[in-house]
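Contents: one structure, followed by commentary.
All values below were derived from every heavy atom in this structure, side-chain atoms included, with hydrogens, water molecules and symmetry-related copies excluded.
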Protein chains: 2
Amino acid sequence: MKIGQRRSKQRELILEELKALTCHPTADELYEIVRKRLANISLGTVYRNLDLMASTGIILKIESGGKNRFDGNAMPHPHLRCTECGKVEDIMFDVNLPTPSELEANGYEVTGCTIEYYGICPNCKTCC
Amino acid sequence: MKIGQRRSKQRELILEELKALTCHPTADELYEIVRKRLANISLGTVYRNLDLMASTGIILKIESGGKNRFDGNAMPHPHLRCTECGKVEDIMFDVNLPTPSELEANGYEVTGCTIEYYGICPNCKTCC
DNA sequence: TTCCGTGCAAACCCTTTGCACCTTT
DNA sequence: AAAGGTGCAAAGGGTTTGCACGGAA
């Protein structure tokens with residue numbers, strides 16, 4: 001998978017750290033993590049590379065009303081979001097949905113599908 | 001279903017206009033619509049009431065990285081989003097997903113689920 | 001009369017972007 | 001040397017919020 005036109009230490013580091021995580025960090029959370037290994041990286045660069053990698057399909061961008069989150073596992077799979085703290089976890093279910101091709105009757109060229117459960121995570125349940 | 005503590009002409013009008021639509025407008029689109037009947041309503045009021053009604057479950061807030069959209073039909077149902085123009089449509093499929101209660105093993109109190117297909121709508125396909 | 005809801009505009013916050021410099025090819 | 005990628009900081013865009021006023025109960 002080709003990412004940009006040239007390699008960059010920043011991009012490789014961002015991808016490496018994201019893939020090492022099982023959680024789904026926001027851009028600024030990942031920025032803080034990457035900063036420990038490349039002190040003067042900028043937040044703008046993190047945003048640029050995350051968007052670039054998401055658009056080439058190497059990673060997943062999990063959009064939301066608040067801060068977006070990113071998933072190093074690009075295989076489509078359902079998520080579970082806490083509506084209190086915004087945290088997103090993976091769900092292990094295999095889900096059978098109508099395949100995108102069935103939907104093209106609407107005239108859409110369907111490229112993917114998102115499944116997201118939401119609720120309140122154990123941590124937010126106890127402290128509120 | 002109780003909404004606020006008191007009735008307000010603004011809130012009733014916003015809800016009425018949203019329910020009359022089959023599309024899923026953004027806050028500012030709905031603001032423009034409502035303004036035709038209540039010229040000096042403010043965008044802030046539209047935001048406040050949409051959030052209030054979404055939090056009580058009367059309407060659906062469809063979140064996204066860009067502008068959020070709102071759905072007058074609070075019955076959960078899948079959506080189809082155009083990644084070019086952001087427009088959201090309903091899908092008529094009945095989908096069988098594991099019920100939220102099956103997920104509470106994660107310790108979450110699950111309150112709902114979103115299913116969203118995405119792709120490029122017929123209109124954006126022809127003009128780009 | 002009470003105090004919730006509103007209009008207005010400024011503030012907020014996440015994200016994007018312009019520009020000069022650095023790095024990869 | 002050419003030109004993509006970066007750091008920095010400012011701009012952008014959607015949404016929220018403080019405040020004084022208006023209106024429902």
> Does Gln5(A) have any side-chain hydrogen bond (donor to acceptor under 3.5 Å, both in side chains) partners at least two apart in sequence or in another chain, and if so, which?
Replying inline: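 Expected list: none.
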
So which heavy atom on [X] is nearest to which on [Y], and how close?
{"X": "Val88(A)", "Y": "Arg69(A)", "result": "CG2-CD, 3.6 Å"}
{"X": "Lys2(A)", "Y": "Thr56(A)", "result": "O-CG2, 4.2 Å"}
{"X": "Lys61(A)", "Y": "Ala54(A)", "result": "CB-CB, 3.9 Å"}
{"X": "Gly72(A)", "Y": "Lys19(A)", "result": "O-NZ, 3.0 Å"}
{"X": "Leu43(A)", "Y": "Ala27(A)", "result": "CD1-O, 4.2 Å"}

Output the rounded distance in Å from [atom1] ([X]) to [atom2] ([N]).
{"X": "Leu43(A)", "N": "dC13(C)", "atom1": "CG", "atom2": "C1'", "value": "12 Å"}
{"X": "Arg35(B)", "N": "dG7(C)", "atom1": "CZ", "atom2": "P", "value": "11 Å"}
{"X": "Glu12(B)", "N": "dC4(C)", "atom1": "CD", "atom2": "C1'", "value": "15 Å"}
{"X": "Tyr47(A)", "N": "dG12(D)", "atom1": "OH", "atom2": "P", "value": "18 Å"}
{"X": "Lys67(B)", "N": "dG14(D)", "atom1": "NZ", "atom2": "C1'", "value": "8 Å"}

> Side chains of Cys82(B) and Tyr118(B): closer than 4.5 Å at any heavy-atom pair?
Replying inline: no

For the backbone of [Y] and the side chain of [X], can you confirm whether one donor and one acceptor N or O come within less than 3.5 Å of each other?
{"X": "Lys125(B)", "Y": "Gly107(A)", "answer": "yes"}
{"X": "Arg11(B)", "Y": "Arg6(B)", "answer": "yes"}
{"X": "Thr26(A)", "Y": "Asn68(A)", "answer": "no"}

> Using a heavy-atom distance cut-off of less than 4.0 Å, which residues of residues 14-34 of chain A contact DNA chain C?
Replying inline: none

> In residues 48-66 of chain A, which residues come under 4.0 Å of DNA chain C by heavy atom?
Replying inline: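 Going residue by residue through residues 48-66 of chain A, the ones with a heavy atom under 4.0 Å of DNA chain C turn out to be Arg48(A), Asp51(A).
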
Side-chain N or O of [X] less than 4.0 angstrom from OP1 or OP2 on [N]?
{"X": "Gln10(A)", "N": "dG7(D)", "answer": "yes"}
{"X": "Asn40(B)", "N": "dT6(C)", "answer": "no"}
{"X": "Ser42(A)", "N": "dT6(D)", "answer": "no"}

>> Under the criterion side-chain contact (heavy atoms from CB on, under 4.5 Å), I'd like the reasoning laid out for Leu21(A) against Leu30(A): C-alpha separation, chi angles, the key distance, then a yes or no.
In response: CA-CA 10 Å; Leu21(A) 294 171; Leu30(A) 195 51; 4.3 Å; yes

> Closest to the Arg11(A) side chain: dG5(D), dT6(C), dG7(D)?
Replying inline: dG5(D)

>> Please report the end-to-end axis angle for the helix from dT1(C)-dA25(D) to dT25(C)-dA1(D), five pairs per end, rounded to 10 degrees.
In response: 30°

> Considering heavy-atom distances to DNA chain D, does Leu38(A) or Arg69(B) have its closest nucleotide positioned more toward the 5' end?
Replying inline: Leu38(A)

>> So, applying salt bridge (Lys or Arg N to Asp or Glu O under 4.0 Å) with Arg37(B), which one of Glu16(B), Glu12(B), Glu32(B) is it?
In response: Glu16(B)

>> Strictly under 4.0 angstrom, non-hydrogen atoms only: write out the protein contact profile of nucleotides 20-25 of chain D, one letter per nucleotide from the 5' end, B, S or -.
In response: ---BBS

>> By the ring pair (Phe, Tyr, Trp, His ring centres under 6.0 Å) test, which pairs, at least two apart or in different chains, include something from residues 15-72 of chain B?
In response: His24(B)-His79(B)

>> What verdict does the side-chain contact (heavy atoms from CB on, under 4.5 Å) test give for Ile3(A) and Leu15(A), after you've listed the backbone C-alpha separation in whole Å, the side-chain angles of each residue and the deciding distance to 0.1 Å?
In response: CA-CA 11 Å; Ile3(A) 306 187; Leu15(A) 183 57; 4.3 Å; yes

